[in-house]
There are 2 protein chains.
Amino acid sequence: MSDAKPRAWKAGRFVAPPKLPPPTPIVDLSDAEMRAAQDLLFFGYRDFTDVADKVLEELGLGRAHHRALHFIGRNPGIKVSGLLKTLRISKQALARVLNALVDQGLVGQAAGFDDRRLRLLTLTDKGHALEQHLFDAQRDRIAAAYRAAGPQAVAGFRTVMRGLTDKGARAYMDGIGSAEDT
Amino acid sequence: MSDAKPRAWKAGRFVAPPKLPPPTPIVDLSDAEMRAAQDLLFFGYRDFTDVADKVLEELGLGRAHHRALHFIGRNPGIKVSGLLKTLRISKQALARVLNALVDQGLVGQAAGFDDRRLRLLTLTDKGHALEQHLFDAQRDRIAAAYRAAGPQAVAGFRTVMRGLTDKGARAYMDGIGSAEDT
DNA sequence: CAAATTAAGTCAACATTGCTGACCTATTTC
DNA sequence: GAAATAGGTCAGCAATGTTGACTTAATTTG
């Protein structure tokens, strides 16, 4: 790339080294900083989920229902096994939630075309409306935080959060729709 | 503050407006972006807590115990009421956890000096060791994410996470030690 | 084609962690 | 001395997670 050959050292006048922006400035990884991050994650997640929980409470649904609605809405036609991998809960725990959602007409099922053993999950209109309602509450909170922080901060936020996640989750987020291996 | 009086408009030569860095560049607040943030928070929090949960499992303790240990360690001498406000759980739910920790010699109590009704909570040596052990697991994960992301991203992460939290939690984080009103 | 595998569902029992209501005990404050 | 405050405790219930064992239907494989 560069034609510059190594130059021999030549004693002479003092020349101030070029003031480059620190190339990869050191990140503060002190315990204090790491514990502050723990706090941030705890409070951030708590307050982020709280706004949806308040809506759910009035409807007699729980956070688990919300999670299922969210991921079905985001991955229409997701298989039961896909949802299990995404949520990382047992088949029985999911069944309780999923049955409630189907009973209430929020989630619909369709047999797979090639493989009729599969139950492909989708939101019904009613389910979509509820999910949208829950989303609205959280969207407002995220939007306010994003707007106040500015685009650079948002990019940083995404980078760090992404770094906290497992490989599988990262792959999932890269290709929404293939909700396997999370 | 300023002596400038409103100046009348005076027609004249065209002068290019000063090229400022875009004042507050637009942040992407589309639904897609907001939903991606939901995903990030879900997976990030899940995987962040998972590493500590694995340690806790071996010890027969739960996430609730970890939270108590964390906030007592971070705020030595915290009052029971302070912990209640921070964790936002009921007195009875906290009692169950706290009694277990005291019984196992992980947390110590001391009556307040001025007001002897208060139970000031601290970690015992044993409790401190356990908390440190749990911290280590999460620290590694955060440190890796921070290191890979770089200081600018970390600053952005903190800004956004802070923006997601309630006023009370922000006040708490500003003045660690006064764990009230969270 | 019969056998094995896979996707999903179900029943039962249990643990953790949250909740409310009701009530008790010290201690401090008015 | 009465009222308020900080904390503790008992009892019961709800949401959400777990494991184990078993069933059914559909697909794949030898």
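The analysis underlying the following values was restricted to heavy atoms, covering all of them including side chains, and did not include hydrogens, waters or symmetry mates. Computed from a predicted structure; not experimentally measured. Proteins get letters first, then strands, A, B, ... in listed order; numbering begins at 1 in each.
When hydrophobic side chains of Ile, Leu, Val, Met, Phe, Trp and Tyr are connected at separations under 4.5 Å, B:V51 ends up as a singleton with no cluster partners.
Looking at B:T124 and B:V107, their side chains never come closer than 4.5 Å, going by heavy atoms from C-beta outward. No side-chain heavy atom of B:M161 sits under 4.5 Å from any side-chain heavy atom of B:R158.
In this model, the phosphate group of C:dG18 is approached by a side-chain N or O of B:R67 to a distance below 4.0 Å at OP1 or OP2. Between A:H65 and D:dT16 there is a side-chain polar atom (N or O) within less than 4.0 angstrom of OP1 or OP2.
Side-chain contact check for A:Q152 and B:Q152: no donor-acceptor pair (N or O, by modelled atom type) lies under 3.5 Å. Defined by atom type and a distance below 3.5 Å, a donor-acceptor pair is present between the side-chain atoms of B:H70 and A:D39. Checking B:D50 against B:Y45 by side-chain atom types alone, no donor-acceptor pair falls below 3.5 Å.
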Criterion side-chain hydrogen bond (donor to acceptor under 3.5 Å, both in side chains) on B:D166 and B:Y172, from CA distance to verdict
CA-CA 10 Å; B:D166 287 346; B:Y172 164 79; over 6 Å; no
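Scored by the salt bridge (Lys or Arg N to Asp or Glu O under 4.0 Å) test, B:R116 finds no partners at all (sequence neighbours excluded). For B:S90, the side chain to side chain contact (heavy atoms under 4.5 Å, CB included) partners are B:Q92, B:A93, not counting sequence neighbours.
Per the geometry, CZ belonging to B:R63 stands 10 Å off P belonging to C:dG18, to the nearest Å. If you measure from atom CG of A:L61 to atom C1' of D:dA14, you get 14 Å, rounded to the nearest angstrom. One atom, NE2 of B:H66, and another, P of C:dT17, lie 13 Å apart when rounded to the nearest Å. As rounded to whole Å, 14 Å separates atom C1' of D:dT9 from atom CG of B:L98. Rounded to whole angstrom, the span from the NZ atom of B:K85 across to the C1' atom of D:dT5 amounts to 12 Å. In this structure, the CG atom of A:N99 is 15 Å from the P atom of D:dA15, given to the nearest Å. If you measure from atom CG of A:D50 to atom P of C:dC19, you get 11 Å, rounded to the nearest angstrom. Atom-to-atom, CD1 of B:I78 to P of D:dA6 comes out at 14 Å; the value is rounded to the nearest Å.
Between its two ends, the helix from C:dC1-D:dG30 to C:dC30-D:dG1 turns its axis by 20°, counting five pairs per end and rounding to 10 degrees.
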Is there any protein nitrogen or oxygen under 3.5 Å from a nitrogen or oxygen in nucleotides 18-22 of chain D, and what are the pairs?
unit_1	atom_1	unit_2	atom_2	d
D:dT18	OP2	A:S90	N	2.5
D:dT18	OP2	A:S90	OG	2.9
D:dG20	O6	A:Q92	NE2	2.6

Interface polar pairs with nucleotides 1-7 of chain C, N/O, under 3.5 angstrom:
unit_1	atom_1	unit_2	atom_2	d
C:dT6	O2	A:R117	NH1	2.5

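Between A:F43 and B:F71, the ring-plane angle classifies as tilted under the 30° and 60° cut-offs.
Each of A:L94 and A:D114 was matched to the nucleotide of DNA chain D holding its nearest heavy atom; the match closer to the 5' end belongs to A:L94. Both A:R116 and B:L120 sit near DNA chain D, but only B:L120 has its closest nucleotide nearer the 5' end.
Taking OG1 of A:T122 as the start and CD1 of A:I78 as the end, the distance is 11.5 Å to the nearest 0.5 Å.
Taking a cutoff of 4.0 Å between a charged side-chain nitrogen and a carboxylate oxygen, B:R35 and A:E131 qualify as a salt bridge.
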